Number of protein chains: 2
Amino acid sequence: MIQSVDRALRVLAVLQGARRRSLGEIATALELAPSTVHGIVRTLLAHGMVVQERDSGLYRLGPATLRLGNVYLDNLELRAHAQPWISELADRTGCAVRVAVPLGDDVVVVAAAPTPVEVGIVIPAHACALGKVLLAHGACVLPDRPRRMTGETVLSPRDPGIVRRTGLATEVEEAVLGECGLAAPVATADEVCGAIALVVPAADWPLPPTALAALHQTARAISRELGASTWPPQREEDAATA
Amino acid sequence: MIQSVDRALRVLAVLQGARRRSLGEIATALELAPSTVHGIVRTLLAHGMVVQERDSGLYRLGPATLRLGNVYLDNLELRAHAQPWISELADRTGCAVRVAVPLGDDVVVVAAAPTPVEVGIVIPAHACALGKVLLAHGACVLPDRPRRMTGETVLSPRDPGIVRRTGLATEVEEAVLGECGLAAPVATADEVCGAIALVVPAADWPLPPTALAALHQTARAISRELGASTWPPQREEDAATA
DNA sequence: AGTGCGTTTCGGCATAGTCGAACGAGCTTC
DNA sequence: GAAGCTCGTTCGACTATGCCGAAACGCACT
């Protein structure tokens with residue numbers, strides 16, 4: 001782990017927390033000398049990863065971050081393969097559909113239907129159905145101190161073995177009030193690379209069995225296109241206990 | 001400029017060029033020892049900025065880039081203020097509308113109407129109306145060797161003073177064949193922060209004067225919300241020659 | 001005009017990063 | 001089936017590099 005690169009990425013993480021920050025704020029947040037942070041920020045500045053407001057001197061994220069994120073999406077096979085399937089799934093079930101990938105203790109939405117507006121949003125893994133699936137397969141990790149999002153947020157996960165065996169996880173107003181979800185894993189030949197979820201208002205919960213079956217079909221179809229031979233994805237320990 | 005941070009960002013830039021790259025490819029592209037690149041990549045890996053494919057060992061951009069880009073968009077006042085205006089402008093003119101910001105010798109689209117699908121795309125500044133506006137105001141720079149996109153691409157810019165005085169720049173099939181555009185600057189109190197464009201098929205070109213006027217109105221309205229006092233934005237030298 | 005804050009610059013010291021070479025795994029070839 | 005190759009990865013030593021303290025600049029407010 002290279003120190004200065006690590007610090008640069010921490011600077012970007014700090015900048016994610018607020019619209020704009022002063023050099024001193026970043027320095028105290030990272031417990032570093034302002035001049036140290038200045039050198040890092042100047043380098044990020046040269047690459048457009050951060051910009052400095054002309055009048056106030058404050059720093060914020062720069063447009064190069066958007067370019068990176070967009071290239072990431074364009075190069076993501078999961079997204080390309082999932083897009084037509086989730087459009088059809090949204091039409092068929094009338095639900096909102098999301099596809100997400102793991103990112104540490106969060107999940108990031110990389111595709112959505114019927115509207116793509118949710119693409120890019122980040123949700124704590126322990127608070128959503130997508131995250132529970134990824135946690136069960138070891139693609140996400142639990143945060144040190146799980147954050148309570150709503151009164152319904154479950155801070156310690158149920159048996160992940162059940163999630164793995166059934167290939168399903170649920171979420172009942174645990175991330176945002178009035179929103180429920182049902183998720184299933186998506187895998188490549190050798191790992192669980194993401195999850196797909198149906199998201200509905202609490203009034204429409206629970207979902208009819210037809211929606212559940214449609215979700216299963218879609219997750220399996222996408223996984224097959226990505227090279228997975230079995231679905232739901234099996235792990236050695238589960239195969240042994242079965 | 002911190003060397004290792006600069007190199008890390010160069011690694012990300014290399015990764016933007018192809019879906020996936022091997023460690024050796026990155027090393028040769030940057031003219032560095034593989035072990036040096038390995039240290040950098042490992043750090044980026046720990047932060048989710050890159051991911052490594054389990055089977056092939058190849059590297060690609062990671063989901064953290066998407067999170068960064070999304071936060072950038074959320075924190076961008078230009079986008080927030082422009083969104084309602086460009087929706088209305090798209091309705092009124094029937095054209096596609098784009099708002100972009102400068103990024104070196106490129107422009108990055110940060111808002112679009114009627115559909116947001118173009119958000120995140122990158123266009124060389126010299127090849128599009130958006131870029132010509134930003135070039136004229138010094139927000140973009142010309143690349144060392146401008147790239148020819150179509151047969152119509154103009155490699156050396158016309159008089160930027162005219163663009164500044166009229167507040168308009170045009171684009172006739174210079175970036176993509178069959179696509180024409182008309183752009184105007186958007187400014188804050190002390191700088192040109194972006195540009196807004198109408199984009200239409202070549203068949204609908206030239207645009208009627210009403211569309212031109214609507215674009216002007218919208219650019220002025222957004223600029224006013226962002227704190228600009230005059231529009232089109234004036235530079236000292238132009239004010240002197242006037 | 002004075003004062004305060006925050007950004008920026010500069011130089012010495014020591015740490016942290018760079019590189020070369022060796023290791024190990026996976027794949028192809030013979 | 002075994003040997004060669006190529007790739008990613010690890011380790012250790014050298015020294016160049018980035019880190020920090022303190023001082024200077026610019027700006028806004030008093």
Side-chain angles (χ1 to χ4, degrees), chain A residues 1-15 17-62 75 188-191 193 227 229 236, chain B residues 1-15 17-62 75 188-191 193 227 229 236:
Chain A
M1 177 94 68
I2 290 176
Q3 188 187 52
S4 55
V5 175
D6 183 59
R7 287 175 172 177
L9 296 173
R10 288 199 143 85
V11 168
L12 292 176
V14 169
L15 252 30
R19 264 218 165 85
R20 61 195 108 227
R21 298 212 109 130
S22 73
L23 187 67
E25 283 174 340
I26 302 171
T28 39
L30 267 54
E31 297 180 343
L32 291 172
S35 56
T36 303
V37 177
H38 181 254
I40 294 169
V41 168
R42 253 183 75 88
T43 310
L44 294 171
L45 209 49
H47 286 262
M49 295 293 287
V50 306
V51 291
Q52 183 171 29
E53 296 185 352
R54 194 185 290 267
D55 50 352
S56 60
L58 299 179
Y59 297 96
R60 52 165 62 204
L61 291 178
N75 292 349
T188 63
D190 49 28
E191 66 181 338
C193 65
S229 49
E236 307 72 27
Chain B
M1 178 92 70
I2 290 174
Q3 189 187 51
S4 57
V5 175
D6 182 60
R7 288 175 171 178
L9 297 173
R10 288 198 144 86
V11 168
L12 293 177
V14 169
L15 252 31
R19 264 220 163 86
R20 61 194 109 229
R21 297 211 110 131
S22 72
L23 188 68
E25 284 174 340
I26 302 171
T28 38
L30 269 53
E31 298 180 341
L32 291 173
S35 55
T36 304
V37 177
H38 182 254
I40 294 170
V41 168
R42 252 183 76 87
T43 311
L44 293 171
L45 209 49
H47 287 262
M49 295 293 286
V50 306
V51 292
Q52 184 172 25
E53 297 184 352
R54 194 185 292 264
D55 50 352
S56 60
L58 299 179
Y59 296 97
R60 52 165 61 206
L61 291 178
N75 291 348
T188 63
D190 49 28
E191 67 182 337
C193 64
S229 49
E236 307 71 27

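Small disclaimer: the values here were computed from a predicted structure and weren't measured. Below, read A as the first sequence line, B as the second, and so on, with proteins coming before strands; counting in each chain starts at 1.
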Polar side chain donor-acceptor pair, Ser56(A) to Glu53(A), under 3.5 angstrom:
yes
What contact category does Ser22(A) fall into here, base, sugar-phosphate, or nothing, at under 4.0 angstrom with non-hydrogen atoms?
sugar-phosphate
Tyr59(A) has a side chain; which of dA16(C), dT18(C), dT8(C) sits nearest to it?
dT8(C)
Is it true that atom CZ of Arg60(A) has more than 12 heavy atoms of other residues, nucleotides or ligands lying nearer than 6.0 Å?
yes
Comparing Asp55(B) and Arg42(A) on DNA chain C - which has the more 5′ nearest nucleotide
Arg42(A)
Looking only at the side chain of Ser35(A) (C-beta and beyond, no hydrogens), which of the listed nucleotides dG20(C), dA22(D), dC19(D) gets closest?
dA22(D)
For dC19(D), does either OP1 or OP2 sit under 4.0 Å from a side-chain N or O belonging to Arg7(A)?
yes
dA16(D) phosphate, OP1 or OP2, under 4.0 Å from Gln3(B) side-chain N/O
no
Indicate whether OP1 or OP2 belonging to dT7(C) is found under 4.0 Å from a side-chain N or O atom of His38(A).
no
Using a 4.0 Å heavy-atom cut-off, does Gln52(A) contact any base of the nucleic acid, only the sugar-phosphate backbone, or nothing at all?
sugar-phosphate
Any base atoms under 4.0 Å from Ile2(B), or only sugar-phosphate, or nothing? Heavy atoms, all strands.
sugar-phosphate
Atom-to-atom span, CG of Leu58(A) to P of dT7(C) - whole angstrom
7 Å
Indicate, with a heavy-atom threshold strictly under 4.0 Å, whether Ser4(A) touches base, sugar-phosphate, or nothing.
sugar-phosphate
Which comes earlier along DNA chain C counting from the 5' end, the contact point of Gly57(A) or that of Leu32(B), where each point is its nearest nucleotide?
Gly57(A)
